[in-house]
Student: 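Below is one structure. I have some questions about it.
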Amino acid sequence: MLTGIQPSGDLHLGNYLGMVRQVLSFQETDDVYLMIADLHAQTVPYNPLEFKNRILDLGKSLLALGVDPKKLVFFRQSEIPEHLYLYWILGTLTPLGELTRMHQYKEKKERYEHVGIGAGILMYPVLMAADILLYQSDVVPVGEDQVQHVEITRELARKYNGAFGEAFKIPQELLIKETARVMSLDNPEKKMSKSLPEGNLPLFEQEQEIVQKIKSAVTDSGSEVIFNEREKQGIANLMVIYKELTGKTITDIEQEFKGVGYGVFKQAVVESFLSFFKDSRKKKENISDHQVLKVFEEGKEKAQSVARETLYIVLQQTGLK
Ligand code: TYM
């Protein structure tokens with residue numbers, strides 16, 4: 001399996017509950033490729049100096065959370081040029097209309113219209129298809145926002161296999177149902193996102209900020225801690241977060257906070273968050289740039305040998321070799 005994450009903002013709780021913890025569990029038993037999607041992150045405006053640090057920082061965060069380079073292959077997308085080669089070939093097979101209909105394209109187009117939109121935003125899902133197909137992934141652990149991209153990957157794989165011969169496995173997305181879409185703290189109708197920092201919960205943020213963000217999470221005008229996703233979206237979101245961080249059931253949580261109001265519940269969410277990530281937050285401080293670069297170097301070797309094999313078949317089948 002392959003999955004990826006962009007170094008476009010701080011790693012947050014949505015990333016963790018939607019994707020990272022799937023990787024932590026699968027690395028024990030499966031053949032996992034985990035990639036920092038640095039090329040994808042260049043589809044929106046970025047500062048090159050900051051960008052370099054963001055990549056290292058994301059590497060450190062993932063290692064601190066338990067990503068183990070001895071158990072999986074951890075690498076940077078930009079270090080494997082095979083991704084770009086396959087991206088081009090798949091791009092020639094991709095219907096333009098389909099790219100313009102993608103949810104994420106529409107949303108980003110609107111958000112970045114004022115600074116100008118590059119074609120990279122439109123082609124984004126094609127690069128993702130190349131990432132996934134190069135490693136012959138059977139499954140792709142992701143959050144809900146990436147499902148449409150895995151769907152188009154499947155379509156492209158079928159189209160290619162039909163036109164040129166069987167080169168690719170047909171991948172399937174893998175979601176954790178309850179946490180495939182963790183919602184934003186400041187607007188529970190929107191998903192928690194790296195690009196909307198006001199409502200997200202970065203795992204390695206200063207403790208004060210975390211406390212402040214959880215305590216000011218938008219809720220409803222009531223006071224009962226009851227699970228109702230329609231009428232009490234904010235509280236329902238916090239309940240799911242609390243459930244995942246403590247292992248308690250929703251019924252237990254309703255019982256535990258009966259009659260005490262949202263303030264006490266939010267304090268418990270703060271404590272569960274800080275306790276769950278305590279060790280990782282400490283561990284990250286001791287990971288050096290050098291350590292991360294070494295991990296990427298080793299990951300590159302392993303990833304590239306697989307990517308090369310797939311690309312070689314494609315080059316032969318398409319008449320380039
Ligand atoms: P990215 O960096 O936006 O997010 C990384 C992963 O976190 C999941 N996620 C969430 N899950 C639950 N609730 C949320 N609020 C939430 N926000 C984010 C995402 O679904 C994702 O799984 N395009 C990808 C990176 C990528 C990739 C790939 C993924 C590049 N190539 C190939 C899989 C396979 C992205 O931008 O993820």
Side-chain angles (χ1 to χ4, degrees), residues 1-9 15 19 33-46 48 51 54-55 58 73-109 111-112 117-137 139-143 145-161 164 167-173 193-195 296 299-300 303-304 306-315 318 320:
M1 60 181 72
L2 173 130
T3 194
I5 179 161
Q6 289 190 68
S8 53
N15 300 132
M19 184 278 272
Y33 291 81
L34 174 64
M35 180 193 86
I36 296 205
D38 43 10
L39 297 173
H40 274 111
Q42 290 182 321
T43 55
V44 296
Y46 62 95
F51 193 60
R54 280 195 180 284
I55 294 168
L58 181 56
V73 180
F74 185 26
F75 67 101
R76 285 178 58 178
Q77 182 185 38
S78 61
E79 293 195 307
I80 319 281
E82 282 77 2
H83 288 239
L84 292 168
Y85 211 146
L86 183 59
Y87 158 76
W88 179 256
I89 293 171
L90 293 174
T92 64
L93 299 175
T94 313
L96 201 52
E98 221 159 296
L99 293 176
T100 55
R101 281 195 293 273
M102 294 271 126
H103 302 315
Q104 205 171 82
Y105 168 70
K106 288 195 214 158
E107 188 218 312
K108 285 194 175 161
K109 184 166 168 270
R111 195 182 318 153
Y112 295 104
I117 316 284
I121 291 191
L122 184 69
M123 293 295 282
Y124 184 113
V126 184
L127 181 56
M128 230 175 111
D131 302 336
I132 295 167
L133 298 178
L134 270 179
Y135 299 88
Q136 304 293 351
S137 316
V139 289
V140 186
V142 282
D145 61 323
Q146 299 301 323
V147 170
Q148 207 181 29
H149 295 155
V150 184
E151 282 166 2
I152 196 172
T153 301
R154 264 199 298 280
E155 227 173 277
L156 288 174
R158 289 205 183 98
K159 193 167 180 186
Y160 177 97
N161 286 351
F164 298 101
F168 304 123
K169 285 196 179 172
I170 309 297
Q172 190 67 43
E173 63 277 8
S193 154
K194 287 199 217 88
S195 50
F296 288 154
K300 177 188 165 184
Q304 196 161 30
V306 178
R308 256 192 205 140
E309 260 179 56
T310 305
L311 186 67
Y312 190 78
I313 296 169
V314 170
L315 296 181
T318 52
L320 290 166

Student: Could you give the side-chain donor-acceptor pairs of residues 148-159 under 3.5 Å, partners two or more places apart or in another chain?
Tutor:
| from | atom 1 | to | atom 2 | distance (Å) |
| --- | --- | --- | --- | --- |
| Q148 | OE1 | H103 | N | 2.8 |
| H149 | ND1 | Q146 | OE1 | 2.9 |
| T153 | OG1 | H149 | O | 2.7 |
| R154 | NH1 | P171 | O | 3.0 |
| R154 | NH1 | E173 | OE1 | 2.9 |
| R154 | NH2 | E173 | OE1 | 3.4 |
| K159 | NZ | L93 | O | 2.7 |

Student: Does some side-chain heavy atom of L2 sit less than 4.5 Å from a side-chain heavy atom of V73?
Tutor: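 Side-chain contact under 4.5 Å: no.
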Student: Taking the side chain as every heavy atom from C-beta outward, state whether R111 and V44 have any pair of such atoms under 4.5 Å apart.
Tutor: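 With C-beta onward as the side chain, the pair stays apart.
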Student: Taking the side chain as every heavy atom from C-beta outward, state whether L133 and T310 have any atom pair closer than 4.5 Å.
Tutor: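 L133 vs T310: side chains apart.
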Student: Tell me, do V142 and M19 make a side-chain contact under 4.5 Å, heavy atoms counted?
Tutor: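 When only atoms from C-beta onward are counted, M19 and V142 do not touch, as no gap falls below 4.5 Å.
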Student: Is the closest side-chain heavy-atom distance between V314 and Y160 below 4.5 Å?
Tutor: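 Yes, their side chains come closer than 4.5 Å.
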Student: Step by step, work out the side-chain contact (heavy atoms from CB on, under 4.5 Å) result for L39 and L84.
Tutor: CA-CA 9 Å; L39 297 173; L84 292 168; 3.9 Å; yes
Student: So, do Y33 and D131 sit near enough that their side-chain heavy atoms are less than 4.5 Å apart?
Tutor: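 No, side chains not in contact.
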Student: Less than 4.5 Å apart, side chain to side chain, heavy atoms only: is that true for K300 and R76?
Tutor: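 With C-beta onward as the side chain, the pair stays apart.
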Student: Using side-chain contact (heavy atoms from CB on, under 4.5 Å), reason through L86 and F168 one step at a time and then give a plain yes or no.
Tutor: CA-CA 12 Å; L86 183 59; F168 304 123; 3.8 Å; yes
Student: Are F51 and Q42 side-chain neighbours, meaning at least one heavy-atom pair lies under 4.5 Å?
Tutor: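 F51 vs Q42: side chains touch.
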Student: Any donor-acceptor pair under 3.5 Å linking the side chain of E82 with the backbone of R308?
Tutor: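 Not a single qualifying donor-acceptor pair exists.
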